[in-house]
Amino acid sequence: MRHFETVGALIANDDWGFKTQTMLSPADLRRYVFPWHERIVETIHAAGKPAILHSCGFAGEIMDDIIDGMKYDCETFVRGRHRAC
């Protein structure tokens, strides 16, 4: 990533929710899914780029994990609370 100066940011796409709730329980997401995304974001940030997450579905219960835990710089969601880019 560092070799491509024209790349301004990187985006990860992963659908985590239905219309009214997450697909997995927040506890299972924290155990099985989020550790991988922490590694993805660390790699993106190590290259000096912002990390954007796109996910469809409700994310209200896990938004703090996305912002404070995984450290995504920006999130876009079809439904649910979001921090705009």
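Numbering of residues begins at 1 and proceeds along the displayed sequence. Only a predicted model underlies this, so the values are computations on that prediction, with no experimental measurement involved.
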(message) Going by side chain to side chain contact (heavy atoms under 4.5 Å, CB included), name the residues that satisfy it together with Glu61, two or more places apart in sequence or in a different chain.
(response) Pro26, Phe58
Minimal non-hydrogen separation, [X] against [Y], with atom names:
| X | Y | result |
| --- | --- | --- |
| Leu29 | Leu24 | CD1-O, 3.8 Å |
| Asp73 | Ala51 | OD2-N, 2.7 Å |
| His45 | Lys49 | CD2-O, 3.3 Å |
| Trp36 | Tyr32 | CD1-O, 3.3 Å |

(request) To the nearest 0.5 Å, tell me how far Cys74 SG sits from Ile66 CD1. (result) 11.0 Å
(request) Measure the CE-CG distance between Met70 and Leu53 for me, rounded to the nearest 0.5 Å. (result) 7.0 Å
(message) With side chain to side chain contact (heavy atoms under 4.5 Å, CB included) as the criterion, how do Thr22 and Ile62 come out once you've worked through the C-alpha distance, each side chain's angles and the decisive distance to 0.1 Å?
(response) CA-CA 8 Å; Thr22 55; Ile62 57 171; 4.1 Å; yes
(request) Please collect all salt bridge (charged side-chain N to carboxylate O under 4.0 Å, His left out) contacts where either partner lies in residues 30-42, sequence neighbours excluded, each pair once. (result) Arg30-Asp65
Mind listing the side-chain donor-acceptor pairs of residues 7-15 below 3.5 Å, one per line with the distance, residues two or more places apart or on another chain?
from: Asp14; atom 1: OD2; to: Trp16; atom 2: NE1; distance (Å): 3.0
from: Asp14; atom 1: OD2; to: His37; atom 2: NE2; distance (Å): 2.9
from: Asp15; atom 1: OD1; to: Cys56; atom 2: N; distance (Å): 3.0

(request) Would you indicate whether the side-chain heavy atoms of Tyr72 and Ile52 approach each other to under 4.5 Å? (result) no
